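To start, the structure under review is shown below, and the notes come after it.
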Amino acid sequence: MKPELIDVQSLPPEEKIDIDKVGIKGFKHPVTVLDREKGLQHTVAELNLYVDLPSKFKGTHMSRFIEVINEFKGEIHVKNVIKLLKKLAQRLSAKSAHLEMFFPYFLQKKAPVTQISSLMEYQGILLASYSEGKKDLVIGAKVPVMTLCPCSKSISQFSAHNQRSLITVKVRFKEFIWLEELIEIAEASASSPVYSLLKRPDEKFVTEFAYENPRFVEDVVRGVAKRLWEHPEVKWFFVEVENFESIHAHNAYACIERTKRGS
Ligand SMILES: Nc1nc2c(ncn2[C@@H]2O[C@H](COP(=O)(O)OP(=O)(O)OP(=O)(O)O)[C@@H](O)[C@H]2O)c(=O)[nH]1
């Protein structure tokens, strides 16, 4: 007869090796995040949650990760995530706890000429760690934009190749920074923002605006880096840009990571 509901997790493992991170990955859950206009925004996140595990235990207690998310009723954002991680570490007798959260984030955006409003989707990123009193918080966004090639513009009699590009921005910050600020910085560094809804006058505007603002992938990554460097709240940043080139079947890529001195 098998012993009834034995707690296998608490037994010693065959190999007594400390585990850096163990937990759940790809867990989808409704969440509430902070929104600069509305206060809160409801969305659905993909969550990875981990703790460390000492060598004396065979397994962690996976069910407790979900229990902690339930206790927060899905309200997981930059202002309370460390509280959640402290609770998780305590609940699992761990020294450290980590969260990675990726979620669609929607903003109302007005078309440039007709001013018709529509919802635009971005991806929000929240990365957080808590380890023996030390916390680390990173917020980020993935922002789709348009880039028009300066080389193509200058060598062609007419037209210039242009494409959709994806800017990924991640920052560590002093007190607080809105996701919206990262999105604005990314969009301001491209040839043009992109929109969900454009009528004909908007389409004409966006086409000509991009033509007047040609940008290499290098121009975009430097533009974002300059703006983040000058932002008083930002302590560290990572920015990467990928252009889905329309004249190639491969992409153009650039990234910059910087830590500000004294941070
Ligand atoms: N550690 C570990 N657990 C797993 C693995 N695969 C599945 N499980 C989980 O084992 C869980 C049950 O273990 P616990 O979380 O310890 O549940 P429990 O013992 O009833 O809960 P507590 O009394 O709080 O410890 C299930 O929810 C499964 O998700 C694995 O590879 N490792």
Side-chain angles (χ1 to χ4, degrees), residues 1-35 39-106 121-142 166 168-173 176 179 236 238 240 242 255 257:
M1 275 267 292
K2 280 192 178 175
E4 211 158 294
L5 298 187
I6 179 175
D7 185 5
V8 176
Q9 281 85 333
S10 301
L11 300 176
E14 279 172 42
E15 307 293 350
K16 295 197 173 37
I17 300 171
D18 292 331
I19 295 181
D20 303 334
K21 288 182 184 173
V22 55
I24 58 170
K25 191 169 164 69
F27 181 65
K28 291 236 174 95
H29 199 273
V31 292
T32 312
V33 297
L34 302 182
D35 181 310
L40 294 172
Q41 178 169 150
H42 301 284
T43 179
V44 175
E46 184 162 322
L47 292 153
N48 305 330
L49 269 171
Y50 313 114
V51 293
D52 68 292
L53 186 70
S55 59
K56 63 181 173 182
F57 296 118
K58 183 171 177 66
T60 188
H61 300 276
M62 300 285 182
S63 65
R64 298 185 200 172
F65 290 79
I66 313 292
E67 283 173 357
V68 171
I69 292 174
N70 287 350
E71 283 165 33
F72 277 72
K73 298 189 170 42
E75 191 164 317
I76 306 174
H77 47 66
V78 74
K79 293 217 164 151
N80 71 353
V81 67
I82 296 297
K83 194 172 156 203
L84 183 148
L85 290 179
K86 279 182 188 170
K87 184 163 255 188
L88 188 67
Q90 181 199 20
R91 190 71 61 84
L92 286 150
S93 308
K95 284 191 198 146
S96 59
H98 313 269
L99 171 137
E100 296 161 358
M101 181 165 116
F102 309 95
F103 53 95
Y105 188 70
F106 292 90
E121 182 194 344
Y122 303 90
Q123 192 194 66
I125 302 167
L126 175 60
L127 310 173
S129 287
Y130 176 77
S131 181
E132 297 180 293
K134 281 198 197 138
K135 60 175 186 172
D136 185 34
L137 270 180
V138 170
I139 71 155
K142 283 186 182 288
L166 188 65
T168 304
V169 188
K170 293 179 194 163
V171 299
R172 294 194 168 90
F173 49 91
F176 185 77
L179 211 53
W236 165 93
F238 171 80
E240 69 180 353
E242 190 163 357
C255 75
E257 179 177 350

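Every number for a ligand or one of its atoms is a count from 1 in the order of the listing. By convention here, the first residue in the shown sequence is residue 1. All of these numbers come straight from a predicted model, not from anything done at the bench.
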Distance-only N or O hit between ligand 1 and Q9, under 3.5 Å: yes
Contact check: R64 vs ligand 1, nitrogen or oxygen atoms, below 3.5 angstrom: yes
E121 with K142: basic N within carboxylate O range, under 4.0 Å: no
Sidechain N-carboxylate O distance under 4.0 Å for K21, D52: no
Shortest protein heavy-atom distance from atom 20 (O) of ligand 1, along with the residue and atom involved: S63 OG, 4.7 Å
Atom 19 (O) of ligand 1: nearest protein contact (heavy atom, Å): H61 ND1, 4.3 Å
Parallel, tilted or perpendicular: rings of W236 and F238 (30°, 60°): parallel
Contact bool for [atom] (protein heavy atom, d < 4.0 Å):
{"atom": "atom 17 (O) of ligand 1", "result": "yes"}
{"atom": "atom 26 (C) of ligand 1", "result": "no"}
{"atom": "atom 31 (O) of ligand 1", "result": "no"}
{"atom": "atom 1 (N) of ligand 1", "result": "yes"}
{"atom": "atom 4 (C) of ligand 1", "result": "yes"}

Shortest non-hydrogen contact from G140 toward L179: O-CD1, 3.1 Å
Nearest non-hydrogen partners of E240 and C255, listed with the distance: CB-CB, 3.7 Å
Trace of the salt bridge (charged side-chain N to carboxylate O under 4.0 Å, His left out) decision for E71 with R64: CA-CA 10 Å; E71 283 165 33; R64 298 185 200 172; over 6 Å; no
Ligand 1 contact on M62 by region, counting heavy-atom pairs under 4.0 Å: both
Inter-residue atom distance K87.NZ - I69.CD1, 0.5 Å rounding: 13.0 Å
Spatial distance of atom CZ (F65) from atom OH (Y50) [nearest 0.5 Å]: 10.0 Å
Per-atom contacts of ligand 1 with G59, taking only distances under 4.0 Å to non-hydrogen atoms: 1 (N)
